[in-house]
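Computed from a prediction, not measured in an experiment: that's the story for all the values here. The first residue in the sequence is number 1, and the count goes up from there.
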Amino acid sequence: MTMEHRLAEAPIGVITIQDGVVRDVNDPAADILPKDAPVGKPIADVFPQSVEQSVPTAFNGTSVTDVAFEEYYPAIDRWLSVSVVPSDGATTVYVDDVTELKSTQQTAQRLRAESERATIIDSLIADVLEGLVGATSQNAIMETIREELGISDQFQFVWTGEYLVDSGELVISGVEGEQGQLFTAVRESIKEGRAIPEQQAVDQQSPVLVQSLSEDQSVPEPIRAAGFADGVQSVFALPLSYGSSVYGVVGAYAETEAAFSDHVQSSFETLGDLAGYAVNATQNRKLLFTDTVTEVTFGLGVNSPLVRVSKSSEAELTLNGTVTPNDSGLKCFVTVSGSNPEAVLDTVTTMSETQGGRLIRQTDTTHGRIQLTLADAAPLVVAINRGANIQTATFNGDESRLVVELSPDANVRSLANALGDGEPAPILARQDKTKSSTTKQEFQSELNDRLTDRQATVLRTAYLADYFTSPRGSTAEEVASSLDITGSTLLHHLRASQRKLLAAFYDE
């Protein structure tokens, strides 16, 4: 049987079959069929194999089935569109390679699914963040995260754990969702000290993604086996941290490998940052509103860059104050005694834990004040990130001391571990104190005691004349004229009074 010319020249594959045997093929069909010289051979033997075996099935009965379908053929790694058209005495099979079209459709479908999932996750995380606003403790924050994420159908289950700085261990604080065998395996692995993804996330202080749980050799074998049994394929482990402090971790387990797209991971990382900030804020809130505080004096070692500087420069450094740490680090203002301040600054700025500095004032060759910026790893930053209120800090070689105030329920031992270098920082003194509150009248009285009569008059006049508003209601010349003084005298009194006002506010 010879194929007619129009079929032989067709742009798609054409196969003519009689009694189940191939009688002719055109060139496109020959390219698709994996076997050479298919003519004269049964169609079931020469057509590529698929899971459904649709082509051989069409020729199995007493008559050929008229059928059309699309299938994936693993042997040739192609998607084929196939039409079986029987007629009197012969059957024609039309074959077209639709792999590229199918790939485009699958990509579009995957992107739609990812977009829909990302929208759902963003909505879930927005609900979590809304819940964090009213949370008053670390436990409440973790409970909010578990309850919002764990009950959704996006995850099999979600668990949270508290990180113990003392031992470096995780303690499970709760779980939500369908636990199955997998969470049992996670819990047992924690008890046995195995390197689960959540422990890795805490150790690295960065998220850990496992996309194929049952095949990832970095995951303990019991977890891989349980994940396979429960049908869980991916895990995202998210540390809850603020600055250099890690408070806990969230483990989210999902049924698909594609559950954690780049967008979803980014959303989770935002959640981790804000949750860590919220935990830190609850600690600071406790310190702010409590009537009693615990004052603790720690000894500092050479893991502190300022201790090392004091030793190498033979200088005593006294912390005058700090500006709240941010992305650029903690700004510290330090008085230098016993050594050249500029030389001390040069030494400080060469250290990896510092991010620059400047000389503020040099009183003489051995006294002055410098400004420097410390990175997250420095003990001062660690203390602040863990909710401590720094009272004093002196750096004088082996006699270096840090005095902080903590809320009464703060874990002093945990902070000692965080401040130390391989072993806890020594606790030299500890006492509970009742906080003294300063009334408005007391503050005003203290300020009046600091100001001269002339300074008080100038400051109040400038304030009432809207000199400090923007835009100004009065110029310096206008205020000076109303006081019958020169502009330079006005500015002299203003600077002096403002300095005393700020000192009364910031100094104890």
*So Glu478 and Ser482, side chain to side chain contact (heavy atoms under 4.5 Å, CB included) or not? Walk me through it.*
CA-CA 6 Å; Glu478 289 170 334; Ser482 71; over 6 Å; no
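- A donor-acceptor pair under 3.5 Å is absent between the side-chain atoms of Arg430 and the main chain of Val296, judged by distance alone.
- The main-chain N or O of Ala343 is found under 3.5 Å from a side-chain atom of Thr347 such that the two form a donor-acceptor pair.
- Contact record, Ser234 with Thr256: OG-O, 2.6 Å, taken as the closest heavy-atom pair.
- Across all non-hydrogen atoms, the minimal contact from Pro341 to Val336 is CA-CG1, 4.1 Å.
- The environment of Phe333 atom CZ is dense: over 12 non-hydrogen atoms of other residues, nucleotides or ligands sit within 6.0 angstrom.
- A distance-only check finds a donor-acceptor pair linking the side chain of Thr457 to the backbone of Asp453 [under 3.5 Å].
- Applying the 6.0 Å contact sphere to CD of Glu178 captures no more than 12 heavy atoms from other residues, nucleotides or ligands.
- Under the 3.5 Å distance criterion, the side-chain polar atoms of Thr349 are matched with a main-chain donor or acceptor of Asp346.
- Note that OG of Ser212 and CD of Gln233 are 6.5 Å apart. Values are rounded to the nearest 0.5 Å.
- The two atoms that bring Glu255 and Gln156 nearest to each other are OE2-OE1, 2.7 Å, heavy atoms only.
- Nearest approach of Val334 to Asn320, heavy atoms of both residues: C-OD1, 3.4 Å.
- Atom CD of Glu314 has 12 or fewer heavy atoms from other residues, nucleotides or ligands within 6.0 Å.
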*When you look at Leu372 and Leu306, which way does the side chain to side chain contact (heavy atoms under 4.5 Å, CB included) test go after all the steps?*
CA-CA 10 Å; Leu372 56 96; Leu306 296 184; 4.0 Å; yes
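- The OH atom of Tyr163 sits 9.5 Å away from the CD atom of Glu169 when rounded to the nearest 0.5 Å.
- Note: Asn303 CG to Leu419 CG = 8.0 Å, rounded to the nearest 0.5 Å.
- Side-chain atoms of Leu374 and Thr322, non-hydrogen and from C-beta on, never get closer than 4.5 Å to each other.
- In this structure, Leu490 CG and Ile485 CD1 are separated by 5.0 Å, a value rounded to the nearest 0.5 Å.
- A donor atom on one side chain and an acceptor atom on the other are found under 3.5 Å apart for Asp216 and Ser218.
- Of the possible polar contacts, one joining the Thr270 side chain to the Ser266 backbone as a donor-acceptor pair under 3.5 Å is found.
- In this structure, the side chains of Ile172 and Trp159 come closer than 4.5 Å at one or more pairs of heavy atoms.
- Taking all atoms of both residues into account, the shortest heavy-atom contact from Gly299 to Arg401 is CA-NH1, 4.4 Å.
- Side chain of Ser189 to main chain of Ile196: no donor-acceptor pair is present (N/O by atom type, distance under 3.5 Å, no hydrogens or angles).
- Using a 4.5 Å cut-off on side-chain heavy atoms (C-beta onward), Tyr253 and Val186 make contact.
- By the 6.0 Å contact criterion, CZ on Phe468 is enclosed, its count of non-hydrogen atoms from other residues, nucleotides or ligands being greater than 12.
- More than 12 heavy atoms of other residues, nucleotides or ligands sit less than 6.0 Å from atom CG of Asp364.
- Legend: residues meeting ring-ring contact (aromatic ring centres under 6.0 Å, His included) with Tyr247, ordered by chain and number and at least two apart, are absent.
- In this model, no donor atom of one side chain and acceptor atom of the other lie less than 3.5 Å apart for Glu143 and Asn139.
- The structure places CD of Gln362 at 10.5 Å from CG of Leu345, a figure rounded to the nearest 0.5 Å.
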_From CA spacing to verdict: side chain to side chain donor-acceptor pair (under 3.5 Å), Thr335, Thr318_ = CA-CA 5 Å; Thr335 294; Thr318 303; over 6 Å; no
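- The local environment of CD in Glu423 is sparse, with at most 12 non-hydrogen atoms from other residues, nucleotides or ligands closer than 6.0 Å.
- Two residues are said to be in side-chain contact when any heavy atoms from C-beta on lie closer than 4.5 Å; Val302 and Lys311 meet this criterion.
- Counting heavy atoms from C-beta on, the side chains of Val235 and Glu198 come closer than 4.5 Å.
- A 6.0 Å sphere centred on CZ of Arg454 holds more than 12 heavy atoms belonging to other residues, nucleotides or ligands.
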*Gln211 and Glu257: side chain to side chain donor-acceptor pair (under 3.5 Å), yes or no, with the steps?*
CA-CA 5 Å; Gln211 282 189 298; Glu257 290 189 5; over 6 Å; no
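- Taking each heavy atom of Ala195 and Gln200 in turn, the nearest pair found is O-NE2, 3.1 Å.
- Screening Leu182, Ile151, Asp230, Leu149 for a side-chain contact (heavy atoms from CB on, under 4.5 Å) with Phe157, the sole residue that qualifies is Leu182.
- At least one donor-acceptor pair under 3.5 Å links the side chain of Arg472 to the backbone N or O of Tyr467.
- Phe268 is not listed as a side-chain neighbour of Leu209, based on a closest heavy-atom distance of 4.5 Å or more.
- In this structure a side-chain-to-backbone donor-acceptor pair under 3.5 Å is missing from Gln371 to Lys331.
- Side-chain contact between Arg187 and Thr184: present, with at least one pair of heavy atoms (C-beta onward) separated by less than 4.5 Å.
- A distance of 11.0 Å separates CZ of Arg495 from CZ of Arg499, quoted to the nearest 0.5 Å.
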_Does Phe298 form a side chain to side chain contact (heavy atoms under 4.5 Å, CB included) with Ile427? I'd like the steps, not just the answer._
CA-CA 5 Å; Phe298 294 99; Ile427 300 173; 3.8 Å; yes
*asked:* Under the criterion salt bridge (Lys or Arg N to Asp or Glu O under 4.0 Å), I'd like the reasoning laid out for Lys191 against Glu188: C-alpha separation, chi angles, the key distance, then a yes or no.
replied: CA-CA 5 Å; Lys191 290 180 181 178; Glu188 292 303 315; 3.8 Å; yes
*Could you go through the side chain to side chain contact (heavy atoms under 4.5 Å, CB included) check for Leu240 and Met142 one step at a time?*
CA-CA 9 Å; Leu240 306 182; Met142 290 188 169; 4.1 Å; yes
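- Applying the 6.0 Å contact sphere to CG of Asp466 captures more than 12 heavy atoms from other residues, nucleotides or ligands.
- In this structure a side-chain-to-backbone donor-acceptor pair under 3.5 Å is missing from Ser310 to Glu316.
- Within the 4.5 Å cutoff, the side chain of Tyr242 has no heavy atoms near those of the Val279 side chain.
- In terms of modelled atom types and a separation under 3.5 Å, the side chain of Thr469 and the main chain of Pro471 share a donor-acceptor contact.
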